[in-house]
Amino acid sequence: MAGADSPWLIVGLGNPGPEYAANRHNVGFMVADLLAERTGGRFKAHKARAQVVEGRIGPPGPSSRRVVVAKPMSFMNLSGGPTTALRDFYKVPVANIIAVHDELDIDYGILRLKLGGGDNGHNGLKSITKSLGADYHRVRFGIGRPPGRMPVADFVLKDFSSAERKELDYFVDRAADAVEALVLEGLERAQSTYNS
């Protein structure tokens with residue numbers, strides 16, 4: 001069971017490389033970037049094939065929590081390897097792991113926080129679940145369904161539309177708030193605020 005002093009591992013899911021940076025599939029990286037900025041840290045390469053920032057979130061003092069914000073550099077469908085290596089390196093209980101990822105079955109910008117569950121065809125989650133089991137937290141960032149007959153793979157690897165980009169910063173900011181609430185207040189309180 002997670003102790004109060006156990007660190008939290010926040011894994012933003014995405015694909016490495018500038019050509020993927022603005023893709024819908026990379027919204028987990030966008031949230032991780034903002035969380036890193038909030039901790040005042042800079043990403044550094046880690047031997048676990050990830051970029052990491054170590055810091056604290058919450059008000060200064062005993063109620064703040066130690067966090068490791070990570071972006072796996074292994075490509076989405078291999079996210080489980082770096083996540084497991086980081087868990088082992090930082091000695092993080094699985095209950096203190098949060099995956100932040102894009103979610104097709106939720107409308108754009110809507111958030112859903114949950115513990116455990118299936119992968120819903122998401123290759124990043126599939127890889128993490130294969131490595132760790134399913135009992136980690138997820139912050140699911142809705143990207144909606146592809147229009148018409150566009151294949152899902154094409155849709156998630158496209159950049160957000162210009163209309164979506166107008167609100168993207170706000171939604172990424174809200175997702176980062178939700179991650180912080182989950183760490184500081186627990187799942188139920190965070191859900192009651194953000195699972196709107």
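Quick caveat: nothing in here was measured; it's all calculated off a predicted structure.
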Tell me whether M30 shares a hydrophobic cluster with M73, the cluster being built from Ile, Leu, Val, Met, Phe, Trp, Tyr side chains joined at under 4.5 Å.
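No, no single cluster joins them.
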Shared hydrophobic cluster for L104 and V100 (ILVMFWY, side-chain gaps under 4.5 Å)
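Both belong to a single hydrophobic cluster.
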Test: ring pair (Phe, Tyr, Trp, His ring centres under 6.0 Å). Region: residues 21-45. Which pairs qualify, not counting sequence neighbours?
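Of all non-adjacent pairs touching residues 21-45, those that pass ring pair (Phe, Tyr, Trp, His ring centres under 6.0 Å) are H25-H122.
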Which ring pair (Phe, Tyr, Trp, His ring centres under 6.0 Å) pairs, counting each pair once, include a residue from residues 138-168, with sequence neighbours left out?
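Counting only pairs at least two positions apart or across chains, the ring pair (Phe, Tyr, Trp, His ring centres under 6.0 Å) contacts touching residues 138-168 are Y108-F160.
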When you look at H137 and L187, which way does the side chain to side chain contact (heavy atoms under 4.5 Å, CB included) test go after all the steps?
CA-CA 9 Å; H137 289 89; L187 179 62; 4.1 Å; yes
More than 12 heavy atoms of other residues, nucleotides or ligands under 6.0 Å from NZ of K114: yes or no?
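Atom NZ in K114 is packed in, count exceeds 12.
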Gap between atom [atom2] of [Y] and atom [atom1] of [X] - 0.5 Å precision:
| X | Y | atom1 | atom2 | value |
| --- | --- | --- | --- | --- |
| L111 | T193 | CG | OG1 | 11.5 Å |
| L78 | K130 | CG | NZ | 9.5 Å |
| L168 | S161 | CG | OG | 9.5 Å |
| N23 | L157 | CG | CG | 5.5 Å |
| D169 | D173 | CG | CG | 8.0 Å |

Got a donor-acceptor contact below 3.5 angstrom from the Q191 side chain to the L113 backbone?
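Side chain of Q191 to backbone of L113: a pair is present.
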Whether T84 side chain and G80 backbone form a donor-acceptor pair below 3.5 Å
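Yes: the side chain of T84 pairs with the backbone of G80.
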Please report the closest heavy-atom contact between [X] and [Y], naming both atoms and the distance.
| X | Y | value |
| --- | --- | --- |
| T83 | P72 | OG1-CG, 4.4 Å |
| G121 | D119 | N-OD1, 2.8 Å |
| A21 | N26 | O-CB, 3.8 Å |

Worked verdict on D102 versus V156 for side chain to side chain contact (heavy atoms under 4.5 Å, CB included):
CA-CA 8 Å; D102 57 304; V156 299; 4.0 Å; yes
Is any side-chain heavy atom of N77 closer than 4.5 Å to one of S127?
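S127 vs N77: side chains apart.
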Pairs meeting criterion salt bridge (charged side-chain N to carboxylate O under 4.0 Å, His left out) with involvement of [range], two or more places apart:
| range | result |
| --- | --- |
| residues 131-153 | E103-R140, D105-R145 |
| residues 150-161 | none |
| residues 83-95 | none |
| residues 6-24 | R24-E164 |

I'd like to check the salt bridge (charged side-chain N to carboxylate O under 4.0 Å, His left out) partners of R56; sequence neighbours left out, ordered by chain and number.
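By the salt bridge (charged side-chain N to carboxylate O under 4.0 Å, His left out) rule, R56 matches no residue at all.
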According to salt bridge (charged side-chain N to carboxylate O under 4.0 Å, His left out), who are the partners of E54, at least two apart in sequence or on a separate chain?
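Applying salt bridge (charged side-chain N to carboxylate O under 4.0 Å, His left out) to E54 gives none.
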Cut-off 3.5 Å, no hydrogens considered: what does the side-chain donor-acceptor table look like for residues 175-184, sequence neighbours left out?
unit_1	atom_1	unit_2	atom_2	d
D177	OD1	R38	NH1	2.9
D177	OD1	R38	NH2	2.9
E180	OE1	R38	NH1	3.3
E180	OE2	R38	NH1	3.4

Only counting residues at least two apart or in another chain, list the ones meeting side-chain hydrogen bond (donor to acceptor under 3.5 Å, both in side chains) with N15.
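side-chain hydrogen bond (donor to acceptor under 3.5 Å, both in side chains) list for N15, sorted by chain: empty.
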Does anything in residues 66-76 form a side-chain hydrogen bond (donor to acceptor under 3.5 Å, both in side chains)? List the pairs, not counting sequence neighbours.
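Listed once each, the pairs are D33-K71.
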Give me the other members of the hydrophobic cluster that I128 sits in, counting Ile, Leu, Val, Met, Phe, Trp and Tyr linked by side-chain heavy atoms under 4.5 Å, directly or via other members.
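For the cluster that includes I128, the remaining residues are L9, V11, L13, V52, V68, M76, L86, F89, Y90, V92, V94, I97, L125, L132, Y136.
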Should I110 and D107 be marked as a side chain to side chain contact (heavy atoms under 4.5 Å, CB included) after you check the CA-CA gap, both sets of side-chain angles, and the distance that decides it?
CA-CA 6 Å; I110 302 293; D107 288 341; 4.1 Å; yes
